Amino acid sequence: MSLIVGNWKMNLNPHDASVLVHRLNEKIEAKEGTEIVLCAPFIDLYPLSKEINHKKFKLGAQNLHPNDHGAFTGEISGAMLKGLVQYSLVGHSERRAMGETDVFIAKKVAAALRNDITPVLCVGELLDDRHHNLTKKVIVDQLTTNLSQLTAEDISKIVIAYEPVWAIGAGTPATPEQIAPQIRTIRSTVEELYGEEAANVRVIYGASVAGEFVKTIMNIEGVEGLLPGGASLNYEEFAKIVSAVQELD
Ligand code: PGA
C-alpha cells in the first residue's frame with residue numbers, strides 16, 4: 001500500500017481548496033493500493049469533508065494540539081478533528097522551526113493516536129547537521145523522544161516521514177544515496193525501541209517531490225510513499241505524482 005500525503009501548508013482559502021479538489025477529482029482515478037491524503041488548512045477541512053470523493057481522497061490536518069480541550073486560544077485539538085480527518089502531520093520542520101520541541105511533539109503524536117488520527121511524524125536533519133555529520137544522530141534523537149509515549153502496538157498505526165529540511169522547497173529532492181541510509185536508520189531505531197515487528201512501520205519521503213522524481217524515490221528500499229508540498233498545490237503535478245505511484249503499485 002503506497003501513501004501520498006499532499007501538504008498544502010498555509011495556502012488556499014475554502015473557495016480555492018474547493019476548486020483544487022474538483023480538478024483533482026477529474027484528473028485522478030482511485031486505485032487499490034494507493035492511498036491519497038490531502039493535508040489542508042484547518043479552515044478548509046469541514047467544507048472539503050462534504051465535497052471530496054471519500055473513496056479517492058482522505059483528509060489530513062497539518063498540526064494538532066497535544067491537549068484535547070481547554071484554554072488554548074487559537075489552537076485546534078485532536079478531539080475536535082476526530083472523525084473529520086484520518087491523518088495529521090506532526091512535527092513538520094516548519095513547526096519545529098517555530099519552537100516545537102521533541103517532547104511537545106511526542107505529546108502531539110500521542111494526542112493523534114488517542115483520537116484515532118494517524119500521525120505522520122516528520123523527522124529530518126538541517127543542512128548544518130548534515131555538514132557536521134550529525135544526520136543520523138538527529139534522526140535517532142528525534143524518533144527516540146517523539147515516539148517515547150507510544151507502545152509497540154501504536155507503532156503499527158503511525159507513519160514516519162523522512163524530510164531532509166535542506167531539500168524542502170529546493171526544487172530537487174535528496175538523492176537515493178542520501179535518502180536510503182536515513183530510511184534504514186528510521187527502521188532500525190524504531191526496531192531497537194519497540195522490537196522486530198516495529199521495523200515494519202510505514203515510512204515515506206518528503207522534500208521537493210515532483211512527478212519526474214517519483215520512480216527514483218519510490219524505488220529506494222523501504223520507501224512506501226511520498227509527502228509533496230509545493231507540488232500538491234498544482235493539480236496537474238499532483239495528479240502526475242499519483243499516477244506515477246499507481247503505475248508502480
Ligand atoms: P516541498 O515541501 O515538496 O515543497 O519541498 C515538502 C514539505 O514541506 O512537506
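We count residues from 1, following the sequence as given. Predicted model only: the values in this text are computed from it and were never measured. Remember, it's 1-based here, ligands and their atoms both numbered in the order they're listed.
The single protein non-hydrogen atom nearest to atom 9 (O) of ligand 1 is Glu163 OE2, 2.7 Å, given as residue, atom name and distance. When hydrogens are left out, the protein atom nearest atom 3 (O) of ligand 1 is Gly229 N, 2.8 Å; that is the closest non-hydrogen contact.
Scanning both residues, Gly222 and Arg187, for their nearest heavy atoms gives O-NH2, 2.7 Å.
By the neighbour-count criterion of 12 heavy atoms within 6.0 Å, atom NZ of Lys31 is densely surrounded, having more than that number from other residues, nucleotides or ligands.
Residue contacts with ligand 1: Gly169 is placed with a nitrogen or oxygen under 3.5 Å of a nitrogen or oxygen of the ligand (distance criterion only).
Of all atoms in ligand 1, listed by their number and element, those nearer than 4.0 Å to a heavy atom of Ser208 are 1 (P), 3 (O), 5 (O). For ligand 1, the atoms sitting less than 4.0 Å from at least one non-hydrogen atom of Asn7 are 9 (O), numbered in the order shown with element in parentheses. In summary, the atoms of ligand 1 found under 4.0 Å from a heavy atom of Ala207, numbered by their order in the structure, are 5 (O). Contact atoms of ligand 1 toward Gly230: 1 (P), 3 (O), 4 (O) (distance under 4.0 Å to a heavy atom of the residue). Near Ile168, with a cut-off below 4.0 Å to any heavy atom, the atoms of ligand 1 are 2 (O), 5 (O), 8 (O).
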Report task. Just do the side-chain contact (heavy atoms from CB on, under 4.5 Å) check on Leu227 and Leu89 with the steps written out, would you? Result -> CA-CA 10 Å; Leu227 203 175; Leu89 302 179; 4.1 Å; yes
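Note: His65 and Phe104 have perpendicular aromatic rings, judged against thresholds of 30 and 60 degrees for the angle between ring planes.
In terms of modelled atom types and a separation under 3.5 Å, the side chain of Arg130 and the main chain of Thr135 share no donor-acceptor contact. The main-chain N or O of Asn25 is found under 3.5 Å from a side-chain atom of Lys56 such that the two form a donor-acceptor pair.
Residues Arg202 and Ile158 form no side-chain contact, since every pair of their non-hydrogen atoms from C-beta on lies 4.5 Å or further apart.
Of the candidates Glu94, Gln62, Lys9, it is Lys9 that places a heavy atom closest to atom 8 (O) of ligand 1.
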